[in-house]
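Single-structure report; data block below.
In what follows, every heavy atom counts, from backbone to side chain, and hydrogens, waters and symmetry copies are set aside. By convention here, the first residue in the shown sequence is residue 1.
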Amino acid sequence: MRLVFVCQGCGCHYFPPVGLVWPDGARASAVWCAGCRAEVVERGIEEPAELAAVAMMLAVRAYQAALAARLQRERAERPDRRPSRPARTARGQLRPGGARTRLG
């Protein structure tokens with residue numbers, strides 16, 4: 001699973017590279033997608049640090065929620081292998097009351 005970010009320019013969801021660096025060496029943004037990032041760089045606007053921190057926090061929380069839901073789904077799919085009643089012990093089978101009910 002990867003972090004999903006929401007672009008603050010166009011509102012689309014996008015997956016930045018894991019290290020927040022694009023293959024061409026350009027730094028990826030936690031605030032803007034690749035298209036909006038190019039426009040912002042042309043205008044000379046810097047990425048706000050507070051907004052980047054909030055975007056990273058929201059992406060991590062969404063990742064944790066997705067992981068928790070996935071684990072809960074996997075637990076629900078596993079069958080319950082516990083016995084429905086306790087095991088019978090040898091003492092319970094050999095007591096005198098049990099022998100009388102069998103003979104009577």
Side-chain angles (χ1 to χ4, degrees):
M1 295 174 84
R2 292 179 50 193
L3 296 178
V4 177
F5 291 91
V6 178
C7 178
Q8 299 302 311
C10 62
C12 70
H13 292 79
Y14 68 99
F15 293 112
V18 177
L20 287 177
V21 176
W22 294 109
D24 62 355
R27 184 179 169 281
S29 173
V31 180
W32 297 297
C33 64
C36 293
R37 172 84 173 140
E39 292 174 13
V40 169
V41 168
E42 287 176 9
R43 292 183 198 164
I45 301 172
E46 291 186 21
E47 180 179 289
E50 299 86 13
L51 197 56
V54 170
M56 189 65 79
M57 180 190 66
L58 291 175
V60 168
R61 282 188 182 173
Y63 176 80
Q64 290 172 342
L67 186 61
R70 182 179 180 185
L71 290 175
Q72 186 176 11
R73 237 184 357 262
E74 288 176 0
R75 286 185 189 142
E77 291 173 358
R78 278 189 259 148
D80 189 11
R81 300 204 182 265
R82 293 178 292 169
S84 58
R85 34 184 166 162
R88 291 182 78 178
T89 62
R91 182 175 180 213
Q93 295 173 357
L94 299 177
R95 61 178 202 217
R100 282 191 209 121
T101 57
R102 282 191 224 129
L103 295 174

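Cluster annotation: Tyr63 is not connected to Phe15 through the hydrophobic network of ILVMFWY side chains, with a link wherever side-chain heavy atoms come within less than 4.5 Å.
Applying the side chain to side chain donor-acceptor pair (under 3.5 Å) definition to pairs two or more places apart or across chains, those involving residues 41-50 are Ser29-Glu47.
Between the NE2 atom of His13 and the SG atom of Cys7 there is a distance of 10.5 Å, given to the nearest 0.5 Å. The CD atom of Gln8 sits 10.0 Å away from the SG atom of Cys36 when rounded to the nearest 0.5 Å. Atom CZ of Phe5 is separated from atom CE of Met56 by 4.0 Å, given to the nearest 0.5 angstrom.
Remark: the backbone N or O of Trp32 is paired with a side-chain donor or acceptor of Tyr14 at under 3.5 angstrom.
Residues passing the side chain to side chain contact (heavy atoms under 4.5 Å, CB included) test with Glu74, sequence neighbours excluded: Arg70, Leu71. Remark: Val60 pairs with Leu3, Gln64 by the side chain to side chain contact (heavy atoms under 4.5 Å, CB included) rule, at least two apart or across chains.
Closest non-hydrogen pair, Ala59 versus Val4, comes out as CB-O, 3.5 Å.
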